[in-house]
Amino acid sequence: MWSSSRLSREPSMPSSPEPIRVRFAPSPTGYLHIGGARTILFNWLVARKAGGQMVLRIEDTDQTRHVEDSVQKILDDLRWLGLDWDEGPQAGGDLGPYFQSQRLDIYNQYLQQLLENGHAYYALETPQELERMREKAKKESGGFRYPRPNPLPTVAQGLLAKREGKPVVVRCKMPNDDITVHDSILGDITLSADQFEDFIIQKSDGFPTYHFACVIDDALMKITHVLRGQEHLMNSHKHVALQRALGFPTPHYGHMPVIFNLDGSKMSKRDKEKAVKAGLPPPEIEVHDFRRAGFLPEAILNFIALLGWSTGDDRETYTLDELMQAFSIKRIGKTNAKFDRAKLLSFNTDWATRLPLPKLLEHLKDYATINDLPMRSATDDLFIRLLQACAGFRTFTDLQKKIGFLFVDDEAIEYDPKAVKKVLAKNDGAGYSMLEQIRAKLETLTDWSGASIDALVKALCESLDTKMGNVAQPIRVAVSGSTVSPSIGETLELLGKNRTLQRIDRCLAIRSTS
RNA sequence: GCCCCCAUCGUCUAGUGGCCUAGGAUACCGGCUUUUCAUGCCGGCGACAGGGGUUCGAGUCCCCUUGGGGGUGCCA
């Protein structure tokens, strides 16, 4: 499952003294979001192309939002995508721990430093007080910016309040000068000092906020390049201020365009609940949704790589290895993109015909397993035959719809009323009569192979001077319950002679009792 | 409200002053292939948000307007 075809990697360039190190830092609040998948992809591509390292770090500083098992789920879907990491959970590394919740001592140490050198101070407002201030400011001027207390609470005062059990936070004292962030995608972004506010770096529960933990960890883990979503753009100035206060270098930043739904709304996992409530099928939002829906990781990766990045030529099909060769931060765009599932579908269809059989087999087994489908117990040989019989399929779900009848008991086949009416019952039961004729012929067939079944059907068509559909469709409906299955020879061969005849008999029997 | 970012077919995008009567992909429409569903092949429809500049010449540079997005959390 771990991408064994280790992508051909250039050995790291001996000429560059500073190896490129990137990170992906999800917070464990659920499954891996498709936008997060693109974030790690771009980071991964940068690292792998340069022979650098990929760090995976878990940002679990919000105890209230922590979701059980989500780290496991995120890692599992990352592996399924074929994206690996050199340091982090399950990979080890010298610069850990890689869970922020296990790094509290480290954060506290730097916090002391900032408190001592005056770059940070204790703030004593309660959340309720802040809320009131915010509301008041909103009414009066439309926006709230935390006013720095004058004089600042002393460290002694802060400590005392803490001991008394009051909610005390630590805030970063922002500089009085403008800050310019050099963004490799957007260019220089300058924010004037009057836009800054002294933001919280340690919460009253003793945990660091995202900004603080992120800046310290990026520095300590020697991260050189930070590619993240544009929603973080305004955070960079805070991060740069913190880096300066702490004496850390600033990594290279790049803020990527954001991915939205086709209607312009945010792609949110809540979209799924909303759709269900409206009686609609839930849309795929998280990587796991796509996995469960029968998409191929190669197609997903290829598709999301093209959301906000392109090479400039007309080529659209890339393997992960090819993406790595072609990738360049310089060619990341600035424009937000909408996620078009129809186009993903076409990529998937393409990859379904392009991927070598063993890969397809691996993915199909994964699909059958995570969906707990009856076909999951099939042998590799059978899976391969199914894949071949369904050539041209778009997703594994389409394949499942096409051959699912093979894994249902003969007595449990449900007949689609529409199919029965159209193919069997119409014209005074012409289809049933045809079925009786063909059943007799099939029974005498000794060589039960797709080719000879097809030949038999063809011969019957010719002798009756009728179209293939008039013969094949009644059989198809009789054995599968629907009008869709692989070619008729293939369908019957896969089912086997006994089951074929049994199903035809049952179909005819049901007719006479209704 | 304030601050920041963005702006080419419905969608993803190519395009960095003349190669653009704007290219590709997808979607859609039509045709062909076909024993079902798909696939595949051929053809068609379809965009430079608006207004000012700059220039011999603007999708490409500048300004304004409009539109979209983001930030303004003891979330990340």
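Residue numbers begin at 1 in each chain, while the letters A, B, ... track the order of the sequences.
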Exercise. For B/rU8 versus B/rG1, give the span between their C1' atoms, rounded off to a whole number of Å.
Key: 33 Å
Exercise. Check every strand shown and say whether A/Ala391 touches a base, only sugar-phosphate, or nothing at a heavy-atom separation below 4.0 Å.
Key: base
Practice problem: Counting heavy atoms from C-beta on, name the nucleotide in B/rA76, B/rU35, B/rU8 closest to the side chain of A/Asn235. | Solution: B/rA76
Practice problem: Give the ring-plane orientation class for A/Phe212 versus A/Tyr107, where under 30° counts as parallel, over 60° as perpendicular and anything between as tilted. | Solution: tilted
Self-check item: Distance between C1' atoms of B/rU16 and B/rC32 (Å, rounded)
Solution: 42 Å
Quiz prompt | A/Phe339 six-ring face occupied by A/Arg341 cation (under 6.0 Å, within 45°) | solution = no
Quiz item: Within the modelled atom types, does a donor on one side and an acceptor on the other bring the side chain of A/Lys343 and the base of B/rA27 under 3.5 Å apart?
Solution: no
Quiz item: Any side-chain N or O of A/Arg394 under 4.0 Å from OP1/OP2 of B/rU39?
Solution: yes
Quiz item: Do A/Thr483 and B/rC37 share a donor-acceptor pair, side chain to base, under 3.5 Å?
Solution: no
Self-check item: Rounded P spacing from B/rC3 to B/rU60 in Å
Solution: 26 Å
Self-check item: Base partner of B/rU54, which must satisfy Watson-Crick or wobble distances under 3.5 Å
Solution: none
Quiz item: When you measure from the side chain of A/Glu197, which nucleotide among B/rG73, B/rC5, B/rG24 comes out closest?
Solution: B/rG73
Quiz item: Closest nucleotide of RNA chain B for A/Asp205 versus for A/Ile189: which of these residues is on the 5' side?
Solution: A/Ile189
Quiz prompt | Minimum-distance nucleotide (side-chain atoms of A/Arg476 versus B/rU35, B/rG71, B/rC4) | solution = B/rU35
Quiz item: Looking across every strand, which nucleic acid part, if any, lies under 4.0 Å from A/Val169 by heavy atom: base, sugar-phosphate, or nothing?
Solution: base
Self-check item: Span that lies between the P atom of B/rG71 and that of B/rA76, in whole angstrom
Solution: 14 Å
Practice problem: Using a heavy-atom cut-off of under 4.0 Å over every strand shown, decide if A/Leu186 touches base, sugar-phosphate, or nothing. | Solution: sugar-phosphate
Self-check item: Mate of B/rC41 where both pairing distances stay under 3.5 Å, Watson-Crick or G-U
Solution: B/rG31
Quiz item: Does a nitrogen or oxygen in the side chain of A/Ser310 sit under 4.0 Å from OP1 or OP2 of B/rA14?
Solution: yes
Quiz prompt | Minimum-distance nucleotide to A/Ala337 side chain [options: B/rG70, B/rC12, B/rU11] | solution = B/rC12
Quiz prompt | G-U wobble or Watson-Crick pairing nucleotide for B/rG46 (cut-off 3.5 Å, both distances) | solution = none
Quiz item: Hey, does the side chain of A/Arg134 come within less than 4.0 Å of B/rG73's phosphate (OP1/OP2), counting only N and O?
Solution: yes
Quiz item: Which nucleotide sits closest to the side chain of A/Gln473: B/rU35, B/rA27, B/rC74?
Solution: B/rU35
Quiz item: Looking across every strand, which nucleic acid part, if any, lies under 4.0 Å from A/Gln100 by heavy atom: base, sugar-phosphate, or nothing?
Solution: nothing
Practice problem: Determine, for A/Glu322 against A/Arg315, whether the closest basic-nitrogen to carboxylate-oxygen distance falls under 4.0 angstrom. | Solution: yes
Quiz prompt | Whichever of A/Trp309 and A/Tyr210 has its nearest RNA chain B nucleotide further upstream toward 5' | solution = A/Trp309
Practice problem: Using the P atom as the reference point in each nucleotide, state the distance between B/rG31 and B/rG18 in Å, no decimals. | Solution: 42 Å
Quiz item: Could one point to a donor on the side chain of A/Lys334 or the base of B/rC5 with an acceptor on the other under 3.5 Å away?
Solution: no
Quiz prompt | Donor-acceptor pair, side chain of A/Thr29 and main chain of A/Arg65, under 3.5 angstrom | solution = no
Quiz item: So does A/Asp263 have more than 12 non-hydrogen atoms from other groups sitting under 6.0 Å from CG?
Solution: yes
Quiz item: Mind checking the C1' distance from B/rC9 to B/rG59? Whole angstroms is fine.
Solution: 13 Å
Practice problem: For A/Asp194, report the nucleic acid contact type (base, sugar-phosphate, nothing); a contact means any heavy atom under 4.0 Å. | Solution: nothing
Quiz item: Taking atom C1' in both B/rC48 and B/rG67, what distance in whole Å separates the two?
Solution: 15 Å
Practice problem: Look at the aromatic rings of A/His237 and A/Phe196 and report parallel, tilted or perpendicular, splitting at 30° and 60°. | Solution: tilted
Quiz prompt | Plane angle bin for A/Tyr146 and A/Tyr121 - parallel if under 30°, tilted between 30 and 60°, otherwise perpendicular | solution = parallel
Quiz prompt | Nearest-Å distance once atom C1' is located in both B/rU21 and B/rC29 | solution = 24 Å
Practice problem: For A/Phe260, answer base if it contacts any base atom (sugar-phosphate contacts may also be present), sugar-phosphate if it contacts only those atoms, and nothing otherwise; contact means non-hydrogen atoms under 4.0 Å. | Solution: sugar-phosphate
Quiz item: For A/Lys401, does the NZ atom have more than 12 heavy-atom neighbours from other residues, nucleotides or ligands under 6.0 Å away?
Solution: no
Quiz item: Do the side-chain N or O atoms of A/Lys203 get closer than 4.0 angstrom to the phosphate oxygens (OP1, OP2) of B/rC75?
Solution: yes
Quiz prompt | Identity of whatever pairs with B/rG1 - Watson-Crick or G-U, under 3.5 angstrom | solution = B/rU72
Practice problem: Ignoring backbone atoms, establish whether A/Thr61 has a side-chain N or O less than 4.0 Å from OP1 or OP2 of B/rA76. | Solution: yes
Quiz item: Does the side chain of A/Arg331 get closer than 4.0 angstrom to OP1 or OP2 of B/rG15 through an N or O atom?
Solution: yes
Exercise. For A/Pro486, answer base if it contacts any base atom (sugar-phosphate contacts may also be present), sugar-phosphate if it contacts only those atoms, and nothing otherwise; contact means non-hydrogen atoms under 4.0 Å.
Key: base
Exercise. Give none if B/rU26 has no partner; otherwise give the nucleotide forming a Watson-Crick or G-U wobble pair with it, both distances under 3.5 Å.
Key: B/rG10
